[in-house]
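One structure below.
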Amino acid sequence: MPTVLITGSNRGLGLEFTRQYLAAGWQVIATCRDPDGAEDLQALQRQHASLRLAALDVADFASIDRAAEALSGHAIDVLLNNAGVFGPRPVDGRDPRQSFGSIDYGIWADVLRVNLMAPMKMAEAFVTHVAASGQRKIVAISSTEGCIETAKGGIYAYRTSKAALNMLMRNLGRDLAARGIVTAAFCPGWIRTRMGGAAAPLEAPPSIEGLRRVIDGLTPAESGRFWLWTGAALPW
Ligand SMILES: NC(=O)c1ccc[n+]([C@@H]2O[C@H](COP(=O)([O-])OP(=O)(O)OC[C@H]3O[C@@H](n4cnc5c(N)ncnc54)[C@H](OP(=O)(O)O)[C@@H]3O)[C@@H](O)[C@H]2O)c1
């Protein structure tokens, strides 16, 4: 039975990944900041012996090291960097902290830490767990908001964090190829979650079904690429 470790698994896309991997018979290590308050995960744990919950705040690198140490000796087939933050929303121009002329640099640093540096720290902390597995995949949920070719202006913290995350996954693909590890970045589409909001056109289940299919099909020859949930290759 393969194992997936998911960050930010208590709600949104991370919770849907957890549900679907459990239903598909995987061993799931569902991590989140507050497992004691994660009621949906606890309900799933009552139904699935193959679900393990673990505390992991991706912004706290000591917390990542502690989780990796607690799981030492466990092979992880898919390390799934899902946790992410958007930063302040510029709705109707009322919160301009990600807009030119009024950037909040503290917030930008916080967004970069969660969306960009944490996936790097996760890869460093868990590389031996992944290398010991059968599938050997490190993947990250990015966004087409990070596409350089189609940049629309504004939303600097989120967009730069995802553009840099794409570079990170490509670079990691090169560095980890010798250990047989394949990497990828994905856009899940615009999905109705707390981050995606009520106006989003898609629900999580079809997107996550598609992403699991793409993850299942990843090959070393395609390591480091950026994919849409449908399996279409995305431009940088
Ligand atoms: N929804 C969309 O339309 C969309 C589109 C493109 C990309 N994405 C990406 O997809 C991923 C999941 O997004 P979502 O829509 O599910 O967002 P969401 O509903 O806001 O959920 C975000 C998840 O990330 C967790 N998280 C945030 N900071 C964390 C930290 N420091 N440590 C651990 N977990 C942390 C949250 O945990 P808490 O409950 O503890 O805050 C929550 O579980 C993100 O990377 C996002 O950028 C989403």
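Small disclaimer: the values here were computed from a predicted structure and weren't measured. Indexing begins at 1, ligand by ligand and atom by atom, following the structure's order. Sequence positions, counted from 1, serve as the residue numbers for this chain.
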Minimum non-hydrogen distance to atom 13 (O) of ligand 1, winning option of Asn81, Leu13, Asp60: Leu13

Distance in Å, Ile64 CD1 paired with Glu124 CD, rounded so as to fall on 0.5 Å steps: 10.0 Å

Min side-chain heavy-atom separation His129-Leu71 under 4.5 Å: yes

Any Asn82 heavy atom less than 4.0 Å from ligand 1: yes

Which of the ligand 1 atoms, numbered from 1, are nearer than 4.0 Å to a heavy atom of Trp190: 3 (O)

Val85 side chain near Asp110 side chain, heavy-atom distance below 4.5 Å: no

Atom 41 (O) of ligand 1 [closest protein heavy-atom partner, distance rounded to 0.1 Å]: Arg33 NH2, 2.7 Å

Enumerated ligand 1 atoms positioned under 4.0 Å from heavy atoms of Ser143: 6 (C), 7 (C)

Gln45 versus Leu51, closest heavy-atom pair with distance: NE2-O, 3.4 Å

Short N-O contact, Lys162 and Glu145, less than 4.0 angstrom: no

Geometric N/O contact Gly12 with ligand 1, under 3.5 angstrom: no

Whether Ser142 lies under 4.0 Å from ligand 1, heavy atom: yes

Sub-4.5 Å side-chain heavy-atom contact between Ser223 and Thr183: yes

Protein contact of atom 23 (C) of ligand 1 - nearest heavy atom, named by residue and atom, plus distance: Gly8 O, 4.0 Å

Contact with ligand 1 for Ala200, non-hydrogen, under 4.0 angstrom: no

Contact with ligand 1 for Leu56, non-hydrogen, under 4.0 angstrom: yes

Carboxylate-amine/guanidinium proximity below 4.0 Å for Arg33 and Asp60: no

Please set out all donor-acceptor pairs under 3.5 angstrom arising from side-chain atoms of residues 2-19, sequence neighbours excluded.
| residue | atom | partner | partner atom | Å |
| --- | --- | --- | --- | --- |
| Thr7 | OG1 | Asn82 | N | 2.9 |
| Thr7 | OG1 | Ala83 | N | 3.0 |
| Ser9 | OG | Thr31 | N | 3.2 |
| Ser9 | OG | Thr31 | O | 2.8 |
| Glu16 | OE1 | Arg19 | NH1 | 3.1 |
| Glu16 | OE2 | Gln20 | NE2 | 2.7 |
| Thr18 | OG1 | Gly14 | O | 2.8 |

Gly189 to ligand 1, any heavy atom closer than 4.0 Å: yes

For atom 22 (C) of ligand 1, the protein heavy atom that lies nearest, with its residue and separation: Gly84 O, 3.7 Å

Lys162 to ligand 1, any heavy atom closer than 4.0 Å: yes

Validation row: Leu53, Gln42 side chains within 4.5 angstrom (heavy atoms): yes

Minimal non-hydrogen separation, Lys137 against Ile215, with atom names: NZ-O, 2.8 Å

Atom 10 (O) of ligand 1 [closest protein heavy-atom partner, distance rounded to 0.1 Å]: Ile141 CG2, 3.1 Å

Check: Arg89 and Arg97 side chains under 4.5 Å, non-hydrogen atoms: no

Nearest protein heavy atom with distance in Å, relative to atom 21 (O) of ligand 1: Arg11 NH1, 3.4 Å

Asp57 side chain to Ser63 side chain, donor-acceptor N/O pair below 3.5 angstrom: no

Distance-only donor-acceptor check, side chains Thr160 and Trp108, under 3.5 Å: yes

Whether Tyr21 and Trp26 hold their rings parallel, tilted or perpendicular, with breakpoints at 30° and 60°: tilted

Any N or O of Pro188 closer than 3.5 Å to N or O of ligand 1: no

Geometric N/O contact Val58 with ligand 1, under 3.5 angstrom: yes

Subset of ligand 1 atoms that lie under 4.0 Å from at least one heavy atom of Asp57: 30 (C), 31 (N), 32 (N)

Ser207: partners by side chain to side chain contact (heavy atoms under 4.5 Å, CB included), with sequence neighbours left out: Pro188, Ile191, Leu211, Trp229

Ligand-residue contact atoms, ligand 1 with Arg194, heavy atoms, under 4.0 Å: 19 (O)

Proximal candidate to atom 17 (O) of ligand 1 [heavy atom criterion; set Met195, Arg192, Glu16]: Met195

Atom indices of ligand 1 within 4.0 angstrom of Val85 heavy atoms, with elements: 27 (C), 28 (N)

Winner among Ala204, Ser63, Ala83 once heavy atoms are compared against atom 26 (N) of ligand 1: Ala83

Residue, atom name and distance, where the atom is the protein heavy atom closest to atom 3 (O) of ligand 1: Ile191 N, 2.8 Å

Close-contact set for ligand 1 against Ala59 heavy atoms, below 4.0 Å: 31 (N)

More than 12 heavy atoms of other groups within 6.0 Å of Glu39 CD: no

Heavy atom of the protein closest to atom 43 (O) of ligand 1 (residue, atom name, distance): Asn10 OD1, 2.7 Å

Protein heavy-atom partner closest to atom 15 (O) of ligand 1 - residue, atom, separation in Å: Thr193 OG1, 2.5 Å

Heavy atom of Tyr158, distance to ligand 1 below 4.0 Å: yes

